[in-house]
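All residue numbers refer to positions in the sequence shown, counting from 1.
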Amino acid sequence: MSTESTAGNLPVIDADLAARLVGAQFPQWAGLPLRLVDPAGSDHVIYRLGEELAVRLPRHPGAVGQAERELRWLPRLAPRLPLAVPVPLGVGEPAFGYPWKWSLARWLEGERATPDALSDSVGAATALADFLLALHRAVPVPSATEGAGDDLTVPPLAVRDRPTREAIAKTRDVFDASAMTDLWDAALAAPPWDRPPVWCHGDLHTGNLLTVAGGLSAVIDFGELGSGDPACDLTIAFTLMSPRCRRVFRAALGVDDATWTRGRGWALATGLNAYTLYAAVNPWVAAQTTRQITQALIG
């Protein structure tokens, strides 16, 4: 069976491929039933393997390398974090026409967090602040030598300037272009992070949070894990929280005005990027990014 599609030469990832990869490389788990996790994210196809395992296969080249990053760094960070995080068990190799490394991890129970359930939850806002404070204070960020082979540097917000302005122009019939431009200019003009770099999740939005019994239980998908300006992780305040809970979250984190403004810029930039790429074909992304952009404009 060929795994390449005719559209963009991206691999076709189905249960048969996942079963063959697992069977050949992790024979101790061969034969366990596979169930597609839907909806999954834009970076990976995810299968639940049996009751206790998850198989994550990158959809595109931009997600390559995330499995190895999680396997290397999450075991060091997990003991210091107040919410559950993935437990990587191994990294699989390309095979059967599938071109990239993939991962196998423990399954984490829970439902995807939603603004409908948690936007006005002070408990969720406080739990996320506690999680980020713990992440920022976790094991020291590795030096260039220790992190060899990993690109762990969170890029500055300014690298998103051109695509963000292009996205503002493309979405001017949907969102307030003048307000977006004003926010973006303010975020770029805000004083930069001038303290030592800290660990950052790098992709903290509602799709990467799990809940059990109405409370936050886990943070998942650390493929963008890196170090630098923690403003990038403030995006969660705009994807999940009401203005009231954002105030609780900000106070618990002790975020200064400059960092908060850069965080709003990150929320705007990442929201616009996802909206322009996926909103037309993915209703969940359309709803999430619309909320993210409009809430970032509120502040």
Side-chain angles (χ1 to χ4, degrees), residues 3-5 7-15 17-18 21-22 34-49 53-74 85-94 97-108 110 112-113 150-155 159-160 163 167 199-210 218-226 232-233 235-236 239-240 266-267 269-289 292:
T3 64
E4 288 195 351
S5 72
N9 289 324
L10 293 177
V12 174
I13 304 168
D14 57 20
L17 172 65
L21 288 168
V22 171
L34 284 159
R35 286 170 284 171
L36 181 67
V37 177
D38 185 34
S42 57
D43 285 348
H44 294 86
V45 174
I46 303 173
Y47 283 93
R48 186 168 183 175
L49 179 64
L53 305 172
V55 180
R56 298 173 74 236
L57 300 114
R59 296 179 185 270
H60 56 77
V64 174
Q66 294 184 11
E68 295 159 294
R69 181 175 303 188
E70 289 191 344
L71 182 65
R72 182 172 188 182
W73 297 109
L74 278 184
V85 298
V87 179
L89 299 176
V91 173
E93 297 295 324
Y98 181 74
W100 304 310
K101 292 186 177 182
W102 51 281
S103 65
L104 196 146
R106 293 289 179 196
W107 177 259
L108 286 171
R112 174 186 281 171
D150 288 341
D151 181 10
L152 291 172
T153 302
V154 175
V159 303
R160 292 178 173 265
W199 282 108
C200 305
H201 179 280
D203 193 23
L204 197 58
H205 57 71
T206 56
N208 289 333
L209 300 177
L210 299 181
V219 179
I220 61 174
D221 196 348
F222 284 74
E224 299 297 323
L225 180 71
C232 64
D233 283 342
T235 297
I236 191 58
T239 59
L240 182 66
W266 275 102
T270 57
L272 283 169
N273 178 67
Y275 185 91
T276 56
L277 287 175
Y278 301 112
V281 296
N282 188 318
W284 179 81
V285 172
Q288 174 183 275
T289 54
Q292 180 173 325

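- W107 approaches A54 most closely through the heavy-atom pair CE3-CB, 3.8 Å.
- With contacts defined as side-chain heavy-atom distances shorter than 4.5 Å, the pair T235/L204 does not qualify.
- Counting heavy atoms from C-beta outward, S103 and P88 have side chains that stay 4.5 Å or more apart.
- Between W102 and L17 the shortest side-chain heavy-atom distance does not fall below 4.5 Å.
- Nearest heavy atom pair, residue L57 against residue Y98, reads C-OH, 3.4 Å.
- Residue L209 holds its CG atom at 4.5 Å from CD1 of I236, rounded to the nearest 0.5 Å.
- The stretch residues 99-108 participates, sequence neighbours left out, in these salt bridge (Lys or Arg N to Asp or Glu O under 4.0 Å) pairs: E52-R106, E68-K101, E93-K101.
- Partners of R48 by salt bridge (charged side-chain N to carboxylate O under 4.0 Å, His left out), not counting sequence neighbours, listed by chain and number: E51, E109.
- Using a distance-only test at 3.5 Å, with no hydrogens or angles considered, a donor-acceptor pair links the side chain of E70 to the main chain of F222.
- When all heavy atoms of H201 and N208 are compared, the closest pair comes out as CE1-ND2, 3.9 Å.
- Put simply, the side chain of V154 reaches to within 4.5 Å of the side chain of W266, judged on heavy atoms.
- In plain terms, the two heavy atoms of A279 and V285 that are nearest each other are N-CG1, 4.4 Å.
- Two residues are said to be in side-chain contact when any heavy atoms from C-beta on lie closer than 4.5 Å; V45 and L36 meet this criterion.
- The CD1 atom of I220 sits 4.5 Å away from the CG atom of L210 when rounded to the nearest 0.5 Å.
- Distance OH/Y275 to CG/N282: 12.0 Å, rounded to 0.5 Å.
- Of all the heavy atoms in Q292 and T270, the pair that sits closest is NE2-OG1, 2.9 Å.
- A salt bridge links R56 with D221; the closest basic N to acidic carboxylate O contact falls under 4.0 Å.
- Distance CD/E224 to CG/D233: 11.0 Å, rounded to 0.5 Å.
- Side-chain contact between V22 and Y47 is absent, with no heavy-atom pair separated by less than 4.5 Å.
- Summarising the geometry, atom CH2 belonging to W100 is positioned 11.5 Å from atom CD belonging to Q66; distances are rounded to the nearest 0.5 Å.
- Scanning all heavy atoms of the two residues, the minimum distance from T276 to A167 falls at CG2-CB, 4.0 Å.
- Rounding to the nearest 0.5 angstrom, the gap separating the CD1 atom in I46 from the CG atom in D38 is 10.5 Å.
- Sorted by first and then second residue, the salt bridge (Lys or Arg N to Asp or Glu O under 4.0 Å) pairs with a member in residues 272-285 form an empty list; sequence neighbours excluded.
- For the pair L21/V55, no side-chain contact is recorded, criterion being any heavy-atom separation below 4.5 Å from C-beta on.
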